[in-house]
2 protein chains.
Amino acid sequence: MATARTPDKRPYQSTELRQSATIEAVVQLCAEQDPATLTTARIADEVGLSQGALFKHFPNKNRLWESVAGWVSGQLTSQVFREADRHEQADQSLEAMFLAHVGFISRHPGIPRLMLGELQKPSNGPAKTIVRQTLVRYRKKVVGLLQLGIEQGHIAAGIDTEAAAVLYLGAIQGLVVQGMVSGEMATLEQTAPRIFKLYAASFQEIPNDPKK
Amino acid sequence: MATARTPDKRPYQSTELRQSATIEAVVQLCAEQDPATLTTARIADEVGLSQGALFKHFPNKNRLWESVAGWVSGQLTSQVFREADRHEQADQSLEAMFLAHVGFISRHPGIPRLMLGELQKPSNGPAKTIVRQTLVRYRKKVVGLLQLGIEQGHIAAGIDTEAAAVLYLGAIQGLVVQGMVSGEMATLEQTAPRIFKLYAASFQEIPNDPKK
DNA sequence: GGGAAGAAAGTAATTAATTGCTTTATTTTG
DNA sequence: CAAAATAAAGCAATTAATTACTTTCTTCCC
């Protein structure tokens, strides 16, 4: 008798599709809610399922968080690193990475909350490990680019590359926190170039050589 | 018959003393536990009270968090700003602030978790407002010092002071996140000078004037 | 001063609500 | 109709807050 209540949405979907839809729903929800307070009921509601149905696609909540962390790590790494590989000069790669990273966050405002929330957990669960390894890999990439830039002669030779990598990630962090304080995550991309320009000034090869 | 079990501790204490003891216990606990998972029972246990007794001194949990946020704000502001006022040159003030801030965090490793945790909450409760206002005031202080430094001739004139203030806070953020990733909050003070040196290079007045 | 009177501070037990997760029942599909 | 997927109800555990009651400290009056 009663036909489908949501006509355009197929009521039954494969576990694979439900999983990716759930992960994206979590990322979406984190943009407006503290991840720690996210209940399975709220998540299920966002996907369009009942709370119990969620556990047909994920064995438990922890595994769901693990999947979310994996998705974030993969997306962030691929999108940012890809942008870096499109340039020859290391300093240009760094700038492209920076802007791509900020853009990614701007498109998914919940991700800083997600990653910071994981890092805050004292227990070394799988999700936290994924986030940590992602950051470690990211920092190594930055250090590598800085050293390449030194070899290319575009970055000052005597620079503290480890510190510069920390400051690089810190610049993004500061931008994000500033966005959280002001409540406007939308204007991030607007401010990002100004921050990077200043950051780059800290290791720029000073063209004070008036040999000619 | 049985005398006091803890001889040197008076069993009954004033609400005022219990309040400050509770606040410090929370700050202490945040160093090893996610603030969101802190229960009133755990806090009461740390203070040495029963769970119910806590509500003799705080009307509810929210007000307790509000008090904690106020304490953190006051301590951070007074300790860091005091250090800044001990120098004449603005660039020296900035460095002293930076190191004092890192030292304060190093002494209370739970505070970044506390502040970030509050900022992550979407609701604009009193505690979040306190944290936000503290950061806003902090940033204005940094901007003011940067402008003073420009007037004094120790900081490059054409600098983007707003961006430099964001990068200043970002440098601390990056240091903290780096500490959380590596799990060692103790080595913060050791790395801090390297980060600040690099940061300062981004706006240093370039002594490229070989007039003599 | 000393001793009731009462305020303040403590405990243990209980409450209502919420949580992650499980189980039962219903519906849809091939 | 049977298998598979979903929805709904239920469960054990945990939470902040309240209760009823006891113990300690303070105060005030004769």
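Below, chain A is the first sequence line, B the second, and so on; all start at residue 1.
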Practice item. Sequence neighbours left out, what pairs pass ring pair (Phe, Tyr, Trp, His ring centres under 6.0 Å) with at least one residue falling in residues 32-66 of chain B? Key: none
Study note, to complete from the structure: So the salt bridge (charged side-chain N to carboxylate O under 4.0 Å, His left out) pairs with at least one residue in residues 49-58 of chain A (sequence neighbours excluded) are none
Review point. Given atom CG of Leu54(A) and atom P of dA8(D), what is their separation to the nearest angstrom?
Key: 15 Å
Exercise for review: Check the side chains of Arg107(A) and Gln79(A) for a donor-acceptor pair under 3.5 angstrom, ignoring hydrogens and angles.
Suggested key: yes
Using atom names, set out every protein N or O paired with an N or O of nucleotides 21-24 of chain D below 3.5 Å, distance rounded to 0.1 Å.
unit_1	atom_1	unit_2	atom_2	d
dT23(D)	O2	Tyr12(B)	OH	3.0

Review point. Counting just side-chain N and O atoms, does Ser14(B) come under 4.0 Å of either OP1 or OP2 of dA9(C)?
Key: no
Review point. Salt bridge (Lys or Arg N to Asp or Glu O under 4.0 Å) with Glu95(A): which residues, sequence neighbours excluded?
Key: none
Point to revise | Qualifying salt bridge (charged side-chain N to carboxylate O under 4.0 Å, His left out) pairs with a residue from residues 136-150 of chain A, counting only residues at least two apart or across chains | key: Asp85(A)-Lys141(A)
**Study point:** Any residue meeting salt bridge (Lys or Arg N to Asp or Glu O under 4.0 Å) with Lys121(B), in chain and number order, not counting sequence neighbours
**Key:** Glu118(B)
**Study point:** Under 3.5 Å: donor-acceptor pair, side chain of Thr77(B), backbone of Ser73(B)
**Key:** yes
Practice item. Encode nucleotides 13-21 of chain C as B, S and - characters from 5' to 3', where the letter depends on protein heavy atoms closer than 4.0 Å: B to the base, S only to sugar-phosphate, - to neither. Key: ------SSB
Check your understanding: Taking only side-chain nitrogens and oxygens of His57(B), does any of them come within less than 4.0 Å of OP1 or OP2 of dA8(C)?
Key -> no
Practice item. Check salt bridge (Lys or Arg N to Asp or Glu O under 4.0 Å) between Glu66(B) and all other residues, then give those that pass, not counting sequence neighbours. Key: none
Practice item. Could you state the atom-to-atom distance from CZ of Phe58(B) to P of dA9(C) in whole Å? Key: 12 Å
Point to revise | Qualifying salt bridge (charged side-chain N to carboxylate O under 4.0 Å, His left out) pairs with a residue from residues 176-194 of chain B, counting only residues at least two apart or across chains | key: Asp160(A)-Arg194(B)
Could you pull out all donor-acceptor pairs under 3.5 Å where a side-chain atom in residues 45-54 of chain B meets a protein atom, sequence neighbours excluded?
unit_1	atom_1	unit_2	atom_2	d
Glu46(B)	OE1	Arg42(B)	NH1	3.4
Ser50(B)	OG	Ala53(B)	N	3.4
Gln51(B)	NE2	Thr40(B)	OG1	3.0

Study note, to complete from the structure: So, with a heavy-atom separation below 4.0 Å from DNA chain C, the residues of residues 16-36 of chain B are Arg18(B)
Revision key, fill the gap. Comparing Ala53(A) with Ala53(B), nearest DNA chain D nucleotide closer to 5' gives the residue Ala53(A)
**Study point:** Contact list for residues 89-121 of chain A, test ring pair (Phe, Tyr, Trp, His ring centres under 6.0 Å), sequence neighbours left out
**Key:** Trp71(A)-His108(A), Phe98(A)-Tyr168(A), Phe98(A)-Phe196(A), His101(A)-Tyr138(A), Phe104(A)-His108(A)
